[in-house]
Amino acid sequence: MPISVVTGGAGFLGSHLCERLLDAGHRVWCLDNLDTGSLTNIAHLRQDGFTFVNHDVTEHIDIPGDVDFVLHFASPASPIDYLRLPLQTLKVGSYGTHNALGLAKAKRARFLTASTSEVYGDPLVHPQPESYWGNVNPIGPRGVYDEAKRYAEAMTMAYHRQQGVDTAIVRIFNTYGPRMRAFDGRAIPTFVRQALEDKPITVFGTGQQTRSFCYVDDLVSGILALAFSTEHEPVNIGNPGEFTLLELAELVVELTGSKSEIVFEALPVNDPQQRRPDISRAQELLGWEPTVDLREGLQRLLDESSRAELTGRIVGA
Ligand code: NAD
């Protein structure tokens, strides 16, 4: 039975990853300090073969016995979280990644780190291929996240080149699905929460900035394909369907049958103007591409989550 360690396993993506690894017959160690994650996300995974350890991965990681895969997902991920936790974000991207790589080296495990489309910053190349080096402001408020992830990529490649660790880097584009937190500040949970309560939908700027949204099941399939491959260079995983924030808001209003009005608020500092993954490498190397478009994915999110979860009116949501 393969043995996997998932850091950040009690978070949104980490909990879906733990679930799919268990389904694939893995034994799973889930390490999380619950900074932005929740035990509610993994309550349904408490079974033989699943172990939760409340651990801050900026401290040394010790796992008994063999490990085959280390999947490093621990990090605040939404702007609200990393602006509230700037030092923790830098520390988990640096010390946390160092410790997770150290574990993979000691156990001779394959290592995969969750990087992000934010390494491209406010991109001057569109869509973004992995060969683009990005346009990031290191000292802006978002720099704590973007630079932590860029550093994590640099350290991952150094462990691969100097220490021979079997590493992989996934650059994740905006992902959504059940178990996102209603108040985490990202566009989809915010718009859905506001629409379900018939409150004004708050679109930043003129709403003409674009994003590409990937349904979580598609994302996890891509991540597992990369984890089980032999690729070392970064691979974009995301859905190339590109929408303006205004289009997204209108679609959410339509699908929820909401009476909400759309209102416009000031654009956050260094908010990227456009985002769309070039997924040619994922298609060629992994034979992966997304299968769920935005309309279907939003409908699934609405069908598979309770109203209380989507409006943040339950503990742990
Ligand atoms: P999340 O906040 O739901 O999950 C992150 C998890 O990491 C939480 O459970 C949190 O408690 C845990 N964590 C944070 N610091 C820790 C530490 N020091 N020690 C142990 N655990 C710690 O966020 P998410 O959306 O699931 O993101 C997961 C990963 O994917 C992150 O690395 C994020 O940067 C990356 N990512 C996510 C997206 C997305 O659209 N969701 C996009 C790009 C990259």
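Both counts, for ligands and for their atoms, begin at 1 and track the order of listing. Note that the structure is predicted; figures quoted are calculated from it, not measured.
Considering backbone and side-chain N/O of G11, one or more are found under 3.5 Å from N/O of ligand 1. Distances between N or O atoms of D35 and those of ligand 1 include at least one value under 3.5 Å. Remark: ligand 1 and V92 share no N or O pair separated by less than 3.5 Å (distance only, no angle test). Considering backbone and side-chain atoms together, R186 places an N or O closer than 3.5 Å to an N or O of ligand 1. For ligand 1, the polar-atom distance check finds an N/O of K149 within less than 3.5 Å of one of the ligand's N/O atoms. The shortest N/O to N/O separation between L13 and ligand 1 falls below 3.5 Å. For ligand 1, the polar-atom distance check against T116 finds no nitrogen or oxygen pair separated by under 3.5 Å. Considering backbone and side-chain N/O of A74, none are found under 3.5 Å from N/O of ligand 1. Where the criterion is an N or O separation shorter than 3.5 Å, residue side chain and backbone included, N174 fails it with respect to ligand 1. For the pair Y145 and ligand 1, the shortest N or O to N or O distance falls below 3.5 Å.
Near D56, the atoms of ligand 1 lying under 4.0 angstrom from a non-hydrogen atom of the residue are 17 (C), 18 (N), 19 (N). Every atom of ligand 1 is numbered from 1 in the order shown, and the set under 4.0 Å from a heavy atom of L34 is 11 (O). Listed by atom number, the atoms of ligand 1 under 4.0 Å from G37 heavy atoms are 8 (C), 9 (O), 10 (C), 11 (O). Listed by number with element, the atoms of ligand 1 under 4.0 angstrom from any heavy atom of F73 are 28 (C), 29 (C), 30 (O), 31 (C), 32 (O).
At the top of the distance list for atom 14 (C) of ligand 1, counting protein heavy atoms only, stands S75 N, 3.6 Å. With hydrogens left out, the protein atom closest to atom 19 (N) of ligand 1 is V57 N, 2.9 Å, a heavy atom. Considering only non-hydrogen protein atoms, atom 38 (C) of ligand 1 sits nearest to I172 CG2, 3.9 Å. Closest to atom 2 (O) of ligand 1, if we only count protein heavy atoms, is T36 OG1, 2.6 Å. The single protein non-hydrogen atom nearest to atom 27 (O) of ligand 1 is A77 CB, 3.5 Å, given as residue, atom name and distance. Closest protein heavy atom to atom 17 (C) of ligand 1: N33 ND2, 3.3 Å. From the protein, the heavy atom lying nearest to atom 40 (O) of ligand 1 is T175 N, 2.9 Å. At the shortest separation from atom 9 (O) of ligand 1 among protein heavy atoms lies D32 OD2, 2.5 Å.
Of the inter-residue distances, the one linking R186 atom CZ with Y176 atom OH reads 14.0 Å to the nearest 0.5 angstrom. Atom-to-atom distance recorded for T113:OG1 and E153:CD is 8.0 Å, nearest 0.5 angstrom. Atom NE2 of H98 sits about 11.0 Å away from atom CD1 of I61, to the nearest 0.5 Å. How far CD of Q283 is from CD of E289: 5.0 Å, rounded to the nearest 0.5 Å.
Side chains of T40 and S38: a donor on one and an acceptor on the other come within 3.5 Å. In the model, D218 has no side-chain atom that pairs as donor or acceptor with a side-chain atom of S221 under 3.5 Å. Looking at T210 and E242, their side chains do bring a donor and an acceptor atom within 3.5 Å of each other.
The shortest heavy-atom distance from A10 to ligand 1 is under 4.0 Å. Residue H55 places a heavy atom less than 4.0 Å from ligand 1. The closest approach between any non-hydrogen atom of S115 and ligand 1 is below 4.0 Å.
Using a cutoff of 4.0 Å between basic side-chain nitrogens and carboxylate oxygens, E118 and K149 are not scored as salt-bridged. Using a cutoff of 4.0 Å between basic side-chain nitrogens and carboxylate oxygens, D81 and R84 are scored as salt-bridged.
Relative to atom 3 (O) of ligand 1, the option among F173, F12, Y82 with the closest non-hydrogen atom is F12.
Between F52 and L34, some side-chain heavy-atom pair lies under the 4.5 Å cut-off. Side-chain atoms of P240 and S212, non-hydrogen and from C-beta on, never get closer than 4.5 Å to each other. Residues V253 and I201 have side chains in contact (heavy-atom distance under 4.5 Å, counting atoms from C-beta outward).
Under 4.0 Å from ligand 1, not a single heavy atom of S38 appears. Contacts between Y176 and ligand 1 below 4.0 angstrom, taking non-hydrogen atoms only, are absent altogether.
Of all heavy-atom pairs between I42 and C30, the closest is CD1-SG, 4.3 Å. Residues D278 and S280 share a closest heavy-atom pair of OD1-OG, 2.5 Å.
Seen from the ring of F50, R27 does not count as a face-on cation partner, given the 6.0 Å and 45° thresholds.
A distance of 6.0 Å or more separates the ring centres of H72 and Y95.
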